Number of protein chains: 2
Amino acid sequence: MPRTTTPRRSSIGDVARLAGVSVGTVSNVLNRPDRVAEATRDRVLDAIARLSFVPNASARQLRAGTLTTVGAIVLDIRNPFFTEAARGVEDRLALADHTLMLASSDDDPEREARYLRLFEEHGVSGLLVVPTGDDLGPLLQLAARGVHTVLLDMPSPTDALSSVAVDDVAGGRMAGEHLLGLGHRRITMLNGPHTIRQCRDRLAGLQRAVERHGLDPDEVVREVRIPTLDAGGAAAAFAPLLAEDPAPRAVFCVNDLAAIGVQREIRRRRPELLGRTAIVGYDDIEIAAELATPLTSVRQPAHDVGYRAADLLLSRDADGNPARGHVVFQPELVVRSSSVPA
Amino acid sequence: MPRTTTPRRSSIGDVARLAGVSVGTVSNVLNRPDRVAEATRDRVLDAIARLSFVPNASARQLRAGTLTTVGAIVLDIRNPFFTEAARGVEDRLALADHTLMLASSDDDPEREARYLRLFEEHGVSGLLVVPTGDDLGPLLQLAARGVHTVLLDMPSPTDALSSVAVDDVAGGRMAGEHLLGLGHRRITMLNGPHTIRQCRDRLAGLQRAVERHGLDPDEVVREVRIPTLDAGGAAAAFAPLLAEDPAPRAVFCVNDLAAIGVQREIRRRRPELLGRTAIVGYDDIEIAAELATPLTSVRQPAHDVGYRAADLLLSRDADGNPARGHVVFQPELVVRSSSVPA
DNA sequence: ACCCGCTGCTGAATCGGTTCACAACGGTGG
DNA sequence: CCACCGTTGTGAACCGATTCAGCAGCGGGT
């Protein structure tokens with residue numbers, strides 16, 4: 001009986017009644033204030049304040065069809081690369097008074113599909129997606145249905161989808177050249193699943209660097225897969241390698257979190273190898289420079305990636321159609337003390 | 001002229017026409033499939049597939065009023081504590097087939113207000129907020145308007161808002177007792193703005209620990225404010241202290257990122273003080289154990305905080321009203337080598 | 001033959017805004 | 001005095017779904 005009935009949100013009709021005008025006028029006050037005489041406008045604004053009226057976005061969008069919300073789906077919200085990119089997105093969107101809604105697919109195609117559907121149902125004005133796999137089918141269908149989509153951190157194989165990415169092959173090559181230049185001839189790559197393109201590309205870059213040195217990639221490069229791209233998974237996968245003889249002396253990790261896991265595992269199991277194992281990470285996250293052994297890493301312009309992607313999403317060509325484009329940023333090798341000579 | 005007119009999204013009416021049924025039937029197929037004969041249902045499903053029909057969430061919500069989306073506003077998406085909490089939220093919501101939309105206020109009340117309004121306009125079924133300041137007015141109004149709201153990482157001063165928080169006074173006290181136990185009698189606290197409650201509480205906890213030791217907080221504790229809670233801001237604020245004589249020998253940082261900044265600054269300017277300055281951080285982020293000097297830190301159960309908050313948001317009492325509650329988790333001190341004796 | 005109840009479907013009202021054709025009105029110029 | 005104009009404001013159609021009263025058809029009981 002004391003069941004508190006939720007007070008119904010007040011609608012534009014309530015406001016109109018209180019202000020003694022028609023709903024059309026209230027709508028005009030909201031959207032084209034200059035079309036309304038000042039006295040009337042004040043009365044309406046007063047009524048809005050008194051009722052603490054908040055317009056219903058569903059109703060507005062249903063009729064007007066427009067929305068200033070952009071959706072983004074990243075692989076893992078805990079990965080600093082993605083959060084930094086998300087900040088870039090937000091920063092660009094804020095300039096256009098748009099807002100970001102962020103979701104994390106956890107590298108699970110099913111979750112990705114759920115969020116894609118959710119955003120489409122809500123009619124977002126654009127979508128930024130870091131795809132979980134190679135199957136762009138769902139995204140292409142989405143684009144065909146008129147949802148302007150930009151691939152994040154993945155070059156688009158088609159003109160139907162725009163993209164902003166970083167050249168991962170170049171990044172892998174930089175890491176490889178660096179390690180080869182230090183004299184290493186056996187390089188272990190701690191890589192993620194090949195379903196993730198970044199992982200494949202970074203390996204390919206490493207192999208290309210080896211070839212350029214006139215060596216055989218199959219001899220030099222040994223790939224070890226880790227199931228999850230975090231420190232724990234990397235540590236677990238690296239542990240058995242440390243028991244081998246000889247233990248790896250040059251390790252290229254698919255990201256910095258994995259590199260941190262490798263360092264942790266070396267310190268725990270074979271501390272004598274600490275200063276004698278070259279480690280190169282990827283992403284150059286903020287704390288890479290602060291680690292027990294400051295980490296050599298391939299830096300990606302994460303903020304720029306997000307910013308540029310949002311920019312692409314918002315820009316229209318002369319005809320008012322969404323602009324299409326493919327942007328590829330170049331990574332940069334940051335050398336610190338973790339990459340020791342052979 | 002080649003202006004590609006966006007193909008209009010197909011509606012439930014299009015589906016009905018193609019399947020040769022009424023819109024009501026299509027709606028039934030979508031929401032109560034058991035009410036529809038199998039043959040009819042198959043025809044409708046076929047039409048849905050052929051048109052790649054996606055229901056319009058705005059229309060649905062406008063009429064039905066329900067939504068399975070929850071909004072969350074955190075202070076900074078780059079702070080691992082918040083992203084970990086966000087994962088906790090997502091994990092709990094997924095169980096109930098709800099989805100999370102995440103936004104970051106950047107500790108800016110204006111941005112916070114914008115997102116609050118956005119989420120309210122969209123009629124989210126609940127809201128998780130880490131408030132930017134002490135002014136809960138807007139949130140109380142929101143709650144009064146029927147938006148179920150849970151304060152994240154802040155104990156609620158009122159029963160109108162639920163809350164899930166960690167006891168920051170206890171955390172500050174733990175840090176203080178640890179440093180005092182190590183013999184330190186001058187403690188510098190690198191703190192954030194007092195507009196943030198966490199910052200005030202952690203300082204208060206530190207002061208209380210000093211009192212318990214029979215000492216005068218004003219003599220022992222020196223507070224230095226940093227404008228932003230990241231490594232860069234902390235490093236900048238700490239630099240002048242390093243020029244003083246004597247330089248600080250015990251530093252309690254309001255979070256781990258700040259502690260990392262302090263370590264960086266010491267290493268850069270006074271490397272001789274490296275092993276002789278006790279540092280305690282807060283949050284125990286994943287890499288705290290991997291730093292050049294592994295960091296003593298106060299651990300917060302971030303994932304649990306998010307999970308529990310989402311739980312509170314979803315739970316209803318026997319009358320079907322949203323449950324109210326106040327949960328306070330206890331932090332835990334993790335001692336590593338950064339906290340050296342005096 | 002008639003009524004009852006059940007299943008399966010229809011058609012229209014409804015949610016809360018936006019938008020547009022049009023009306024009301026006071027002022028202006030010929 | 002009238003035609004005309006610009007400024008304000010009105011009222012209804014409309015967006016795309018949900019929901020519910022009601023109807024058609026059919027089998028079974030009496």
Side-chain angles (χ1 to χ4, degrees), chain A residues 6-45 47-48 51-69 117-118 120-123 125 145-146, chain B residues 6-45 47-48 51-69 117-118 120-123 125 145-146:
Chain A
T6 311
R8 199 179 52 79
R9 262 167 84 163
S10 48
S11 77
I12 203 176
D14 302 331
V15 174
R17 207 170 310 121
L18 182 58
V21 297
S22 75
V23 293
T25 302
V26 177
S27 177
N28 277 333
V29 169
L30 258 30
N31 303 299
R32 284 112 72 187
D34 49 306
R35 290 229 194 302
V36 181
E38 194 177 336
T40 317
R41 197 193 316 147
D42 288 347
R43 268 207 335 277
V44 171
L45 289 176
I48 288 177
L51 294 171
S52 58
F53 162 75
V54 175
N56 181 322
S58 300
R60 175 199 308 250
Q61 200 211 334
L62 179 57
R63 174 63 229 225
T66 52
L67 198 56
T68 60
T69 300
R117 189 182 170 90
L118 181 78
E120 182 180 10
E121 288 183 355
H122 277 76
S125 71
R145 270 179 254 133
Chain B
T6 312
R8 200 180 51 79
R9 262 169 82 165
S10 47
S11 77
I12 201 175
D14 302 331
V15 174
R17 205 170 312 121
L18 182 59
V21 296
S22 75
V23 292
T25 301
V26 177
S27 177
N28 277 333
V29 169
L30 257 31
N31 302 297
R32 283 112 71 189
D34 49 305
R35 291 229 194 300
V36 181
E38 194 176 337
T40 317
R41 196 192 318 148
D42 288 347
R43 266 203 344 273
V44 172
L45 288 176
I48 287 177
L51 294 172
S52 59
F53 161 75
V54 176
N56 181 321
S58 299
R60 174 197 308 247
Q61 200 210 334
L62 179 58
R63 176 63 230 234
T66 52
L67 198 58
T68 60
T69 300
R117 190 183 168 90
L118 181 79
E120 184 181 7
E121 288 182 356
H122 276 77
S125 71
R145 267 178 256 134

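In the text below, chain A, chain B and the rest are named by the order of the sequence lines, each starting its count at 1. As the structure is a computational prediction, the values presented were derived from the model and not from experiment.
- The distance between atom CG of Leu51(A) and atom C1' of dG17(C), rounded to the nearest whole Å, is 16 Å.
- Between the CG atom of Leu62(B) and the P atom of dT19(D) there is a distance of 12 Å, rounded to whole Å.
- Remark: Leu62(A) CG to Arg63(B) CZ distance equals 13.0 Å, nearest 0.5 Å.
- For the segment residues 15-27 of chain A, residues with any heavy atom less than 4.0 angstrom from an atom of DNA chain C are, sorted by number, Gly24(A), Ser27(A).
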Got a list of protein N/O to nucleotides 22-25 of chain D N/O distances below 3.5 Å?
none

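- When the local axes at the two ends of the helix from dA1(C)-dT30(D) to dG30(C)-dC1(D) are compared, using 5 base pairs at each end, they differ in direction by 60° after rounding to 10°.
- In this view, Leu118(A) and Tyr115(A), His122(A), Thr69(B), Thr99(B), Met101(B) satisfy the side chain to side chain contact (heavy atoms under 4.5 Å, CB included) rule, not counting sequence neighbours.
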Tabulate below the donor-acceptor pairs under 3.5 Å that side-chain atoms of residues 52-59 of chain B make, not counting sequence neighbours, or state none.
from, atom 1, to, atom 2, distance (Å)
Asn56(B), OD1, Ser58(B), N, 2.7
Asn56(B), OD1, Ala59(B), N, 3.1
Ser58(B), OG, Gln61(A), OE1, 2.6

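- Rounding to whole angstrom units, CG of residue Asn28(A) and P of dC20(C) are separated by 11 Å.
- Distance Glu120(A) CD to dG16(D) P: 14 Å, rounded to the nearest Å.
- In terms of the salt bridge (charged side-chain N to carboxylate O under 4.0 Å, His left out) criterion, residue partners of Arg17(A) (sequence neighbours excluded) are, by chain and number, Asp14(A).
- For a distance-only test at 3.5 Å, the side chain of Arg60(A) fails to qualify as a donor-acceptor partner of the base of dT18(C).
- We find that CG of Asn56(B) is positioned 16 Å from P of dG17(C), with the value rounded to whole Å.
- Going from atom CG of Asp14(A) over to atom P of dC15(C) covers 11 Å, rounded to whole Å.
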List the atom pairs, with distances to 0.1 Å, where a side-chain N or O of residues 23-32 of chain B and a protein N or O form a donor-acceptor pair under 3.5 Å, not counting sequence neighbours.
from, atom 1, to, atom 2, distance (Å)
Thr25(B), OG1, Ser22(B), OG, 3.4
Ser27(B), OG, Asn31(B), ND2, 3.4
Asn31(B), ND2, Ser27(B), O, 3.0

Which atoms of nucleotides 22-24 of chain C (N or O only) lie under 3.5 Å from a protein N or O atom, and what are those distances?
none

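- In the set dC14(D), dA17(D), dT19(D), dC14(D) carries the atom at the smallest distance from any side-chain atom of Arg63(A).
- Rounded to an integer number of Å, the gap from CD of Gln61(A) to P of dT19(C) is 13 Å.
- Scanning residues 30-40 of chain B for heavy-atom distances under 4.0 Å to DNA chain D yields Asn31(B), Arg32(B).
- Interatomic distance, CG of Leu45(B) versus CD of Glu38(B), reported as 10.0 Å (0.5 Å rounding).
- Here Arg117(B) pairs with Glu121(B) under the salt bridge (charged side-chain N to carboxylate O under 4.0 Å, His left out) rule; sequence neighbours left out.
- The distance between atom CD1 of Ile12(B) and atom C1' of dC9(C), rounded to the nearest whole Å, is 14 Å.
- The structure places CZ of Arg41(B) at 8.0 Å from CG of Asp34(B), a figure rounded to the nearest 0.5 Å.
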>> Quick one, Thr40(B) with Val21(B), criterion side chain to side chain contact (heavy atoms under 4.5 Å, CB included). Give me CA distance, side-chain angles, the key distance, then yes/no.
In response: CA-CA 8 Å; Thr40(B) 317; Val21(B) 296; 3.8 Å; yes

